[in-house]
Amino acid sequence: MALLEIRNLSQHFGGVAAVSRLDLDIFDSEILGLIGPNGAGKTTLFNVISGFYTPSTGSVALKGERVSGLRPDEIAKKGIGRTFQQTVLFMRSSVFDNVVTGFHMNYTSGLMNQFLHTRSAKDEENGIKKEAARILEFMGLSALKDELAQNLPHGHQRTLGICVALAANPQLLLLDEPLTGMNPTETLTTLDHIRQLKDRGITIIIVEHNMKAVMSLCERLVVLNHGEKIAEGKCEEIQDNKAVIEAYLGKERR
Ligand SMILES: Nc1ncnc2c1ncn2[C@@H]1O[C@H](COP(=O)(O)OP(=O)(O)O)[C@@H](O)[C@H]1O
Ligand SMILES: [Mg+2]
């Protein structure tokens with residue numbers, strides 16, 4: 001069984017079908033590249049998978065259990081994490097506090113629980129701090145943990161966005177253009193981190209315009225155009241696919 005099963009999924013905005021009758025399987029521990037021109041529906045698909053939109057038709061299931069229709073925080077708890085095309089951070093909070101907040105948004109004991117089991121809330125807080133430190137260490141941001149998010153260079157802000165998503169301990173991670181604004185060194189480091197996340201058993205869907213990076217990272221690509229899947233396959237197959245070249249790659253190469 002696929003980890004994520006998308007069936008007959010459509011998302012309409014007025015008359016526009018941003019995603020149209022999409023069927024897609026995402027398999028355990030793969031890095032799937034989701035590509036397509038601007039406006040193809042990539043971000044909308046992420047918004048539907050992560051519960052920001054309830055789809056107009058169709059369904060999304062994680063490990064056989066329907067998640068479409070649930071709230072974003074409920075879907076996060078089920079194990080789907082995401083980053084945003086425009087990094088969303090608490091700019092006036094520290095790097096460390098941003099990651100801690102990422103935990104709270106997904107994991108905090110209910111308020112009642114905090115009253116009844118003050119001890120367990122305290123233990124949980126300590127556990128969260130340890131885990132936040134571990135994530136920052138893994139993503140190479142430890143030295144900047146006390147810096148305000150707003151003072152980080154753009155590339156580091158995007159890395160922090162990934163750290164916040166990791167705080168939800170996702171099984172599936174959706175990365176929306178994670179390399180945007182990164183210099184070549186930051187790009188290589190981030191690609192390395194993404195591979196390591198996969199090695200730790202996290203399944204990843206990445207939307208990215210840097211085709212060289214996508215080709216180096218992914219075994220399998222899916223191409224969207226006007227909300228429809230126009231191709232799916234191994235990188236080499238996609239590179240030679242006529243419809244894809246016409247819709248997308250051709251424009252990039254010219
Ligand atoms: N909230 C929204 N309201 C109306 N139209 C939207 C909304 N979000 C996206 N769209 C439209 O859906 C289409 C797909 O957009 P998007 O998913 O952002 O594409 P991509 O991420 O592939 O560039 C575009 O035509 C866009 O204008
Ligand atoms: Mg987008």
Side-chain angles (χ1 to χ4, degrees), residues 4 6-24 26 31-60 67-73 75-76 80-89 154-155 157-162 164-165 170 172-182 187 190-191 194 204-215 217-218 220-233 235 238-239 241 243-254:
L4 195 79
I6 297 172
R7 292 292 175 269
N8 191 37
L9 192 78
S10 300
Q11 178 67 46
H12 300 280
F13 296 113
V16 179
V19 175
S20 185
R21 282 177 280 176
L22 181 71
D23 289 312
L24 183 60
I26 290 97
I31 305 181
L32 178 75
L34 182 64
I35 64 172
N38 278 329
K42 306 179 298 292
T43 297
T44 301
L45 178 60
F46 276 7
N47 283 333
V48 174
I49 295 173
S50 53
F52 287 82
Y53 301 137
T54 302
S56 311
T57 72
S59 65
V60 180
V67 292
S68 42
L70 299 181
R71 291 193 315 264
D73 61 307
I75 292 182
I80 300 179
R82 69 169 301 179
T83 65
F84 293 85
Q85 192 170 346
Q86 259 75 39
T87 312
V88 180
L89 296 171
H154 182 81
Q157 287 183 349
R158 295 203 70 82
T159 304
L160 180 55
I162 299 178
V164 173
L172 172 68
L173 183 60
L174 316 175
L175 299 173
D176 201 350
E177 305 195 16
L179 307 175
T180 301
M182 287 193 174
T187 298
T190 304
L191 289 177
I194 295 172
I204 292 161
I205 311 179
I206 179 172
V207 167
E208 183 48 57
H209 286 293
N210 179 338
M211 286 310 295
K212 208 175 139 208
V214 168
M215 296 285 179
L217 201 57
C218 304
R220 201 163 72 93
L221 299 180
V222 166
V223 189
L224 289 186
N225 193 27
H226 300 301
E228 291 181 11
K229 181 169 72 179
I230 58 165
E232 176 175 18
C235 291
I238 297 299
Q239 268 178 314
N241 182 303
V244 176
I245 292 166
E246 276 171 14
Y248 184 48
L249 295 173
K251 285 184 208 153
E252 299 276 300
R253 279 181 189 161
R254 244 173 256 150

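Indexing begins at 1, ligand by ligand and atom by atom, following the structure's order. The figures here come from the full heavy-atom set of this structure, side chains too, leaving out hydrogens, waters and symmetry mates.
- Of all protein heavy atoms, the one lying nearest to atom 19 (O) of ligand 1 is G41 N, 3.2 Å.
- Using modelled atom types and a 3.5 Å distance limit, the side chains of R158 and T87 yield a donor-acceptor pair.
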Does the side-chain contact (heavy atoms from CB on, under 4.5 Å) test come out yes or no for V164 and V88, once each step is laid out? CA-CA 9 Å; V164 173; V88 180; over 6 Å; no
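- Scanning all protein heavy atoms for the shortest distance to atom 12 (O) of ligand 1 gives A18 CB, 3.2 Å.
- For V19 against G41, the heavy-atom pair with the smallest separation is CG2-O, 3.7 Å.
- Few gaps surround NE2 on H12; more than 12 heavy atoms of other groups in view lie less than 6.0 Å from it.
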side-chain contact (heavy atoms from CB on, under 4.5 Å) between Q239 and L221, worked out: CA-CA 10 Å; Q239 268 178 314; L221 299 180; over 6 Å; no
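- Considering all non-hydrogen atoms of both residues, N8 and T57 come closest at O-OG1, 2.9 Å.
- At a 3.5 angstrom cut-off on N or O pairs, T44 counts as close to ligand 1.
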Decide side-chain contact (heavy atoms from CB on, under 4.5 Å) for I162 and T190; before the verdict, give the C-alpha distance in whole Å, the side-chain angles of both, and the deciding distance to 0.1 Å. CA-CA 10 Å; I162 299 178; T190 304; 4.2 Å; yes
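- A213 and L179 get closest at one heavy-atom pair: CB-CD1, 3.5 Å.
- Less than 2.8 Å away from the Mg ion (ligand 2), the protein contributes these N/O/S atoms: T43 OG1, Q85 OE1.
- Protein heavy atoms are found inside the 4.0 Å sphere centred on atom 17 (O) of ligand 1.
- Under a 4.0 Å criterion applied to the non-hydrogen atoms of A40, ligand 1 contributes the atoms 19 (O), 20 (P), 22 (O).
- In terms of protein heavy-atom proximity, atom 3 (N) of ligand 1 is nearest to F13 CD2, 3.5 Å.
- Contacts of Y53 with ligand 1, taken as heavy-atom pairs under 4.0 Å, involve the side chain alone.
- Here E246 contributes atom CD and N241 contributes atom CG; the two are 9.5 Å apart, rounded to the nearest 0.5 Å.
- Put simply, atom 6 (C) of ligand 1 has protein non-hydrogen atoms near it, under 4.0 Å away.
- For the 3.5 Å distance criterion, the side chains of T43 and Q85 qualify, holding a donor opposite an acceptor.
- Looking at G39, A17, G36 and measuring to atom 20 (P) of ligand 1, the nearest heavy atom belongs to G39.
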